[in-house]
Each structure stands twice: as structure tokens, then as C-alpha cells.
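Note that this is a predicted model, so its numbers are computed, not measured. Just the heavy atoms: all of them, side chains too, but no hydrogens, waters or symmetry mates, feed the values below.
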Amino acid sequence: MSQKTKNILLQVLPVIIVATFLAAAIIYAWTEPREDPPGGNVAAPINVSASSQYKEGALGIGGLFRGYSNAIFDGNVSIG
């Protein structure tokens, strides 16, 4: 193998390796779920669990409750 061929191979080989790993990651990311919905789903981010849950950003629930502030309530809260 000539020196020129070796140089070209050393320049191209890292690109081929990176492209192969990138293609494998893309294929893995687009793999279908193992079960039909709703089986195998993760728990909902808010409303499941007895532990405290936090959400970043605004929260609206069925048009009845909207929270758009940094309010923190510990204990009793009364209005009026």
C-alpha cells in the first residue's frame, strides 16, 4: 500500500466510524415500542405517586385552574 493511500485511509476512516455510530443511534432512536399502547408506558409526570411532584413552566388543568406564578403554599391558604 502506498503512502498516499495510507494517508487517505487515515483521513477517511474516522469519518466512516463516526457516521456508523451516528446511523446506529438514529436507527435505535426510531425503534418502535415493544408493546401496544398503553402497555409499557411510563407513569404520567404529574398525578401518579404519593411523593411531591414539580413541573417547570405554566400549568393549566381543564380550564378550571391556571398557575402562572412562582407561588409556594405550605399550610392553610384562605382568600377573602
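- Atom-to-atom distance recorded for S2:OG and I8:CD1 is 7.5 Å, nearest 0.5 angstrom.
- Here the side chains of I16 and T20 are in contact, with some heavy-atom distance below 4.5 Å.
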query: Step by step, would you call L22 with I26 a side chain to side chain contact (heavy atoms under 4.5 Å, CB included)?
result: CA-CA 6 Å; L22 188 62; I26 291 171; 4.3 Å; yes

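- Under a hydrophobic-cluster definition in which Ile, Leu, Val, Met, Phe, Trp and Tyr are linked whenever side-chain heavy atoms come within less than 4.5 Å, directly or via other members, L13 and F21 are assigned to the same cluster.
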